[in-house]
Amino acid sequence: VRFEDQEKINEFGRLNNRLLEIRADLAQLKQDIEKLDDATTELAMNASGKVMLFVGESFLHASEDHATE
C-alpha cells in the first residue's frame, strides 16, 4: 500500500468515526427535544396552575410560569 493511499484510508476512518459520533449526538438531541416537548404539553394541560418540578432528587412546588422558564 502506498503512503498516499494509506493516508486516504486513515482520513476515511477518522471521518467515518466522526460521522458516527455526530449521528449519536443527533439521536440524543432528538430524544431531549421529545422529552421537553412532552413536558411542555403536560404543563399546558395542567388546569390548577401549580406544578411539581423534579430537581435533583426532590420535588419542588412551582407556578406554571416558573416551570416553563
Side-chain angles (χ1 to χ4, degrees):
V1 178
R2 294 185 336 205
F3 178 75
E4 295 85 15
D5 293 337
Q6 186 62 46
E7 288 294 314
K8 290 180 182 180
I9 291 169
N10 292 344
E11 181 180 10
F12 173 79
R14 283 191 304 272
L15 292 174
N16 193 44
N17 285 338
R18 184 170 176 224
L19 175 64
L20 294 175
E21 290 175 4
I22 289 171
R23 284 182 177 167
D25 290 345
L26 179 62
Q28 181 62 46
L29 289 172
K30 284 183 179 181
Q31 287 178 351
D32 291 347
I33 288 171
E34 186 175 332
K35 288 178 185 177
L36 288 171
D37 186 47
D38 290 346
T40 303
T41 302
E42 288 295 323
L43 282 173
M45 292 173 48
N46 184 12
S48 68
K50 294 200 175 198
V51 295
M52 299 285 288
L53 287 179
F54 185 64
V55 180
E57 296 181 2
S58 59
F59 286 95
L60 303 172
H61 288 280
S63 67
E64 185 178 343
D65 293 334
H66 182 72
T68 54
E69 288 179 15

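- Every side chain to side chain donor-acceptor pair (under 3.5 Å) that Gln28 has, sequence neighbours left out, goes to Asp32.
- Distance NZ/Lys8 to CG/Leu15: 13.5 Å, rounded to 0.5 Å.
- Note that CG of Leu26 is 10.5 Å distant from CD of Gln31, once rounded to the nearest 0.5 Å.
- For residues 10-24, every residue pair satisfying the side-chain hydrogen bond (donor to acceptor under 3.5 Å, both in side chains) rule, not counting sequence neighbours, is listed here: Gln6-Asn10.
- The side-chain contact (heavy atoms from CB on, under 4.5 Å) check on Ala62 picks up Val51, Leu53, His66, with sequence neighbours excluded.
- Scored by the salt bridge (Lys or Arg N to Asp or Glu O under 4.0 Å) test, Asp38 finds no partners at all (sequence neighbours excluded).
- Under the ring pair (Phe, Tyr, Trp, His ring centres under 6.0 Å) criterion, Phe54 pairs with Phe59, not counting sequence neighbours.
- Between Asp37 and Thr41 there is a side-chain heavy-atom pair separated by less than 4.5 Å.
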